Amino acid sequence: MIYGGTITGGSQDVTLSTSFLLLTTAEMMGASSGLGYFIKNYSDYANYTNVIAGIILIGIVVSVLNVFLSFAERCLIKWKE
């Protein structure tokens, strides 16, 4: 679900981060698996160590996806340097 950005706009990293945030929020509200469910489940049981670990894991996943997206953009789009 990548929307709102053009190839030359440079907003793909913001769009990717927003999409992942919306996915996690949806998992918190109605899923039975995923990182959002993991965080919501452990926050219900007041296990805040696992909640913080889940939040950190989301940050790591989004950062890795942004690095991969930047790398793919540099390799696939020749007019961007």
Side-chain angles (χ1 to χ4, degrees):
M1 178 174 145
I2 296 182
Y3 59 91
T6 61
I7 291 177
T8 59
S11 64
Q12 288 83 13
D13 54 344
V14 174
T15 305
L16 180 69
S17 300
T18 304
S19 298
F20 204 81
L21 176 67
L22 291 174
L23 172 69
T24 305
T25 304
E27 287 177 351
M28 285 181 180
M29 291 194 294
S32 60
S33 64
L35 286 173
Y37 175 77
F38 177 84
I39 293 171
K40 178 71 172 130
N41 185 37
Y42 282 112
S43 69
D44 288 344
Y45 294 113
N47 189 346
Y48 297 116
T49 305
N50 285 350
V51 171
I52 297 299
I55 292 170
I56 291 170
L57 184 60
I58 287 174
I60 291 170
V61 168
V62 170
S63 297
V64 167
L65 287 174
N66 281 334
V67 167
F68 176 73
L69 183 66
S70 296
F71 176 75
E73 186 178 18
R74 278 196 316 261
C75 290
L76 297 174
I77 302 174
K78 299 299 179 188
W79 61 87
K80 292 198 72 147
E81 295 185 24

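Keep in mind that what you see is a predicted model, and the values were worked out from it rather than measured.
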#### Entry: Transitive ILVMFWY side-chain link Ile55 to Tyr42, under 4.5 Å
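Yes; tracing contacts between hydrophobic side chains, which count when under 4.5 Å, links both residues.
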### Query
When hydrophobic residues are tied together by side-chain contacts of less than 4.5 Å, even through go-betweens, does Phe71 share a cluster with Leu69?
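Hydrophobic grouping puts Phe71 apart from Leu69.
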Would you give the length of the straight line joining atom [atom1] of [X] to atom [atom2] of [Y], rounded to the nearest 0.5 angstrom?
X     : Y     : atom1 : atom2 : value
Arg74 : Ile77 : CZ    : CD1   : 11.5 Å
Tyr37 : Met29 : OH    : CE    : 15.5 Å
Leu57 : Phe38 : CG    : CZ    : 8.0 Å

### Task
Only one of Thr15, Thr25, Ile58, Asn66 passes side-chain contact (heavy atoms from CB on, under 4.5 Å) with Phe20; say which it is.
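Of the listed residues Thr15, Thr25, Ile58, Asn66, the side-chain contact (heavy atoms from CB on, under 4.5 Å) partner of Phe20 is Ile58.
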### Task
Might you point out which heavy atoms bring Ile39 and Met28 nearest each other, and give the distance in Å?
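The answer is CG2-CE, 3.8 Å.
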### Query
Should Val51 and Asn47 be marked as a side chain to side chain contact (heavy atoms under 4.5 Å, CB included) after you check the CA-CA gap, both sets of side-chain angles, and the distance that decides it?
CA-CA 7 Å; Val51 171; Asn47 189 346; 5.8 Å; no
